[in-house]
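Following this message is one structure expressed as structure tokens.
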Amino acid sequence: MDLNGDKRLDLVTINQTGVRVQLRSATGGWGPPVLVRALVAGYSVAVRDVNGDGAPDIYALQRCANGTNQPDILLVNSGTGTSYTQVAIPEAASGCGDDVESVSYRSAPAFLVLNGFSQSAGPVQLITFG
């Protein structure tokens, strides 16, 4: 996904402790991380332009930690790929985060969020924008 509009694919990675963005340089290598956001139980990430500005935004899903579902985060791209604003998103009251996928619902950007990891049943959420 091209996060900064330079026609080069950039990298978004997630692990248990954080989500990270690295932009592809003009020479083909990876630049230093431009976004590092700490997480408690990071697991899955999806990217989609949710506000129609042409800049892909990042949804970071977290699982349960110590029996408690950790809040997911949505990071809205400023357009440069280097600056993001965290915005509120609906949270499931039950279950643990399992997976997130970028989808289109009735031509609107959306994320499909599964909350059923580790036999901790929870809802399937369709979070739409636009």
* Which salt bridge (Lys or Arg N to Asp or Glu O under 4.0 Å) pairs, counting each pair once, include a residue from residues 7-32, with sequence neighbours left out? -> Asp6-Arg8

* Listed by chain and number, what are the side chain to side chain contact (heavy atoms under 4.5 Å, CB included) partners of Ala108, not counting sequence neighbours? -> none

* Distance-minimising heavy-atom pair for Gln62 and Pro71 -> NE2-O, 2.5 Å

* Asked: Taking atom OG1 of Thr82 and atom CG of Leu23, what is their separation to the nearest 0.5 Å?
  -> 7.0 Å

* Return the set of residues passing side chain to side chain donor-acceptor pair (under 3.5 Å) with Gln125 (not counting sequence neighbours), or none when no residue passes. => Asn115

* Can you tell me which residue pairs pass the ring-ring contact (aromatic ring centres under 6.0 Å, His included) test with a partner in residues 47-67, sequence neighbours excluded? => Tyr59-Phe111

* Check: Val113 and Leu61 side chains under 4.5 Å, non-hydrogen atoms -> yes

* Given the rule that I, L, V, M, F, W and Y join up when any side-chain heavy atoms are under 4.5 Å apart, are Val12 and Val34 in one cluster? -> yes

* To do: Can you see which heavy atom on Val40 is nearest to which on Ala65, and at what distance?
  => CG1-CB, 3.7 Å

* **N/O donor-acceptor pair under 3.5 Å between Asp49 side chain and Gly54 backbone** => yes

* Structure fact -> All heavy atoms of Pro56 vs all of Val47, minimum pair found to be CB-CG1, 3.4 Å

* List for me each residue that meets side chain to side chain contact (heavy atoms under 4.5 Å, CB included) alongside Pro109, sequence neighbours excluded, and say none if there are none. => Arg48, Phe129

* Asked: Does anything in residues 29-39 pair up under side chain to side chain donor-acceptor pair (under 3.5 Å), and if so which pairs, sequence neighbours excluded?
  -> Arg37-Gln86

* Asked: Does a side-chain heavy-atom distance below 4.5 Å link Pro90 with Ile127?
  -> yes

* **Thr85: side chain to side chain donor-acceptor pair (under 3.5 Å) partners, not counting sequence neighbours** => none

* Any pair counted as ring-ring contact (aromatic ring centres under 6.0 Å, His included), so long as it reaches residues 72-98, sequence neighbours left out -> none

* Any salt bridge (Lys or Arg N to Asp or Glu O under 4.0 Å) pairs touching residues 62-74, not counting sequence neighbours? -> Arg63-Asp98

* Asked: Partners of Ser83 by side chain to side chain contact (heavy atoms under 4.5 Å, CB included), sequence neighbours excluded?
  -> Ser78, Thr80

* Shortest non-hydrogen contact between Gly79 and Ala55, atoms and distance -> CA-CB, 3.6 Å

* Asked: Quick one: are Asn77 and Leu3 in side-chain contact, heavy atoms under 4.5 Å?
  -> yes

* Pairs meeting criterion disulfide bond (SG atoms under 2.5 Å apart) with involvement of residues 44-73, two or more places apart -> Cys64-Cys96

* To do: Let me see the working for Leu75 and Val19 under side chain to side chain contact (heavy atoms under 4.5 Å, CB included), right down to the final yes or no.
  => CA-CA 10 Å; Leu75 301 168; Val19 62; 4.2 Å; yes

* To do: Could you pull out the closest heavy-atom pair between Ala46 and Ser102, with the gap in Å?
  => CB-N, 3.9 Å

* Got Asn51 and Asp57 here, is their nearest side-chain heavy-atom distance under 4.5 Å? -> yes

* Asked: Between the main-chain N or O of Pro32 and the side-chain N or O of Gln22, is there a donor-acceptor pair closer than 3.5 Å?
  -> no

* Can you sort out the partners of Asn15 under side chain to side chain contact (heavy atoms under 4.5 Å, CB included), two or more places apart, ordered by chain and number? => Thr17

* Asked: Among Ile89, Leu39, Ile58, which residue meets the side-chain contact (heavy atoms from CB on, under 4.5 Å) test with Ile73?
  -> Leu39

* Does a side-chain heavy-atom distance below 4.5 Å link Tyr105 with Leu126? -> yes

* Cluster overlap Tyr43 with Leu35, hydrophobic side-chain contacts below 4.5 Å -> no

